[in-house]
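Have a look at the structure below, then the notes.
All figures in this text were calculated on a predicted structure; none of them were measured in a lab. All chains are named by letter (A, B, ...) in the order of the sequence lines, taking the proteins before the strands, and each is independently numbered beginning at 1.
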Amino acid sequence: MKDKTLIQQFIMNELMRGKNVSGLEVTDNLIETGVIDSLGIQILISFLERNFSIAIADEDLIPDNFESVDAIWAFVTRD
Amino acid sequence: MMDFSLTEDQIAFKKAAIEFAGRELNEGAMQRERNREFNQAGWGKCAQFGIQGLTLPQRYGGLEMDILTSIAAMEGMGYACRDSGLLFSLSSHIWTCEMPILKFGTDEQKERYLAGLASGSLIGGHAMTEPDFGSDAFSIKCKAVKNGNTYVLNGTKTFITNAPLADILLVFAVTDTTKKFAGLTVFMVEKTFPGFSVGKCEELMGLKTCPLGEVILQDCEVPEENRLGGEGAGAAIFNSEMEYERSCLFATHVGAMEKILDECISYAKVREQFGKPIGSNQSISHKIADMKVRVELSRLMLYKAAWMKAQGKRAPIESAIAKLYISESYVQNCLEAIQIHGGYGYSTELDFERHLRDSVAGKIYSGTSEIQRNIIANFLGL
Ligand SMILES: Cc1cc2nc3c(=O)[nH]c(=O)nc-3n(C[C@H](O)[C@H](O)[C@H](O)COP(=O)(O)OP(=O)(O)OC[C@H]3O[C@@H](n4cnc5c(N)ncnc54)[C@H](O)[C@@H]3O)c2cc1C
């Protein structure tokens with residue numbers, strides 16, 4: 001069952017490693033805290049495309065869609 | 001099923017590009033290199049042949065070629081054209097200006113700019129790098145502040161390919177400082193906009209025929225309709241553009257490497273020392289074998305990355321590998337070619353030292369070799 005925690009775990013394990021940020025709530029702003037940077041977003045997109053069997057268009061790579069775990073979840077599960 | 005061959009049409013078009021470049025672009029190339037002179041007439045001839053419009057839809061006057069055919073043509077251009085500065089200028093125009101407008105522009109923006117870019121009457125480029133931010137591109141400081149229906153841009157861009165001649169540049173600027181990389185926005189800035197000027201032109205080690213310089217934006221007024229994509233779309237546009245550039249721009253390098261290889265093989269067969277061709281010495285023939293390996297692997301990586309883009313796939317690792325491998329192989333093969341040709345190779349009469357000077361830039365622009373390795377390592381979870 002793919003749910004929000006899959007995204008949360010990935011971000012904590014892959015994108016927060018080595019960064020001075022502790023804990024991750026689903027509403028935390030990932031961009032302002034620097035958890036997702038310009039390279040991190042590309043790694044995250046590859047993960048989301050692979051794990052949620054979706055193709056993400058470049059046009060959708062706007063900050064609103066990646067601001068928090070909640071926002072990412074809403075984005076990958078939209079119709 | 002996998003098919004590594006080009007179609008007959010692709011082969012014919014590549015051949016036509018080789019014939020065109022050999023016939024039309026080389027006369028006076030050495031002199032222009034010495035004078036650091038852009039081949040304006042050659043630019044026009046390329047437009048007539050269709051180079052500037054290779055990938056653009058026919059409705060804008062383009063040839064509407066698929067990415068792989070475009071790559072094949074540019075490889076042919078790289079094989080036959082002795083003016084890498086012109087090729088670099090063309091490639092920047094295609095991959096860093098036309099492609100993002102085609103991909104992210106509104107219909108109105110495409111109508112306004114693509115026909116001119118395809119016909120070569122407009123020259124384009126992109127401006128991200130600043131004096132204090134190169135590899136760390138997303139930390140740029142150039143600011144865009146909205147004022148009614150206009151954005152006011154302030155900042156300086158450096159090392160901008162085509163800047164001294166460009167009619168339109170895609171300028172990256174910060175619209176929201178709180179959002180870091182997600183606060184970047186792209187603007188299509190015309191050279192006639194108030195507050196736009198070109199600063200000093202860089203004198204480079206190579207690519208001397210390519211116009212390149214500084215761009216100064218001083219209270220530069222850009223109408224809202226010249227924003228490419230939404231506010232905050234800058235990073236997505238830059239990443240998309242970089243994937244195309246890293247996947248496709250280096251086609252001309254593969255062509256150049258093939259030409260250098262051909263010349264080394266011929267020379268190794270006819271140049272005799274100690275009563276036998278130098279190519280009969282294993283130390284020379286193995287150098288040439290290694291050069292051949294680099295050409296073949298470069299081409300495979302070029303076509304794989306370009307194929308992924310043609311399929312509409314994301315290719316962050318593949319484009320980084322292609323860019324890294326091709327650019328470093330080009331430098332390596334130039335050094336080997338000089339060595340194989342001995343003193344003549346080192347002389348400016350032959351073209352190898354010029355190739356070497358031109359090739360070194362490939363390890364720096366479109367993200368340095370070190371940055372490509374960082375990207376690959378990051379994707380490997382390191
Ligand atoms: C011929 C040419 C054409 C260009 N055209 C354009 C153009 O059209 N538009 C544009 O916007 N820019 C253009 N550029 C600029 C180019 O993109 C930058 O030069 C490049 O990104 C490197 O930035 P920098 O020169 O500031 O070097 P720096 O970023 O200061 O890097 C210096 C050295 O440090 C290394 N380094 C930096 N950070 C790291 C790191 N994290 N890990 C390991 N090593 C690191 C680099 O690899 C490099 O070896 C062009 C450059 C050249 C040479």
So what's closer than 4.5 Å to chain A heavy atoms on Phe138(B): side chain, backbone, both or neither?
side chain

Glu98(B) versus Gln52(B): any side-chain heavy-atom pair under 4.5 Å?
yes

What distance separates Asp136(B) CG from Glu130(B) CD, expressed to the nearest 0.5 Å?
10.5 Å

How many angstroms lie between atom CD1 of Ile71(B) and atom CG of Leu68(B), to the nearest 0.5 angstrom?
7.0 Å

How long is the gap from NZ on Lys110(B) to CZ on Phe104(B), to the nearest 0.5 Å?
10.5 Å

Go through Ile31(A), Asn29(A), Asp64(A) and name the one with the most non-hydrogen pairs under 4.5 angstrom from chain B.
Ile31(A)

Could you check Lys323(B) against Ile375(B) for side chain to side chain contact (heavy atoms under 4.5 Å, CB included), going step by step and ending with a plain yes or no?
CA-CA 12 Å; Lys323(B) 194 268 164 181; Ile375(B) 293 172; over 6 Å; no

Trace of the side chain to side chain contact (heavy atoms under 4.5 Å, CB included) decision for Ile7(A) with Val26(A)
CA-CA 10 Å; Ile7(A) 298 172; Val26(A) 290; over 6 Å; no

Which atoms of Gln42(A) approach chain B - backbone, side chain, both or neither, heavy atom under 4.5 Å:
both

Asp70(A) and Ser68(A): side chain to side chain donor-acceptor pair (under 3.5 Å), yes or no, with the steps?
CA-CA 5 Å; Asp70(A) 269 351; Ser68(A) 62; 5.3 Å; no

Sidechain N-carboxylate O distance under 4.0 Å for Asp58(A), Lys103(B):
yes

Report, as yes or no, whether the 6.0 Å neighbourhood of atom NZ on Lys304(B) holds more than 12 heavy atoms from other residues, nucleotides or ligands.
no

Going from OG1 on Thr96(B) to CG on Leu249(B), what distance comes out if it is rounded to the nearest 0.5 angstrom?
8.5 Å

What residues of residues 225-248 of chain B sit under 4.5 Å from chain A when only non-hydrogen atoms are counted?
Gly232(B), Ala236(B), Asn239(B), Ser240(B), Glu243(B)

With a 4.5 Å heavy-atom cut-off (strictly below), which parts of residues 45-52 of chain A touch chain B? List them by number.
Ile45(A), Ser46(A), Glu49(A)

In Å and rounded to the nearest 0.5 Å, what is the CZ to CD1 distance from Phe75(A) to Ile56(A)?
4.5 Å

Under 4.5 Å from a heavy atom of chain B, the part of Ala55(A) involved
neither

Strictly distance-based, threshold 3.5 Å: is any side-chain N or O of Asn65(A) a donor or acceptor partner for the main-chain N or O of Leu61(A)?
no

Side chain, backbone, both or neither: which part of Ile41(A) has a non-hydrogen atom closer than 4.5 Å to chain B?
side chain

Counting only heavy atoms closer than 4.5 Å, note whether Lys313(B) contacts chain A via side chain, backbone, both or neither.
neither

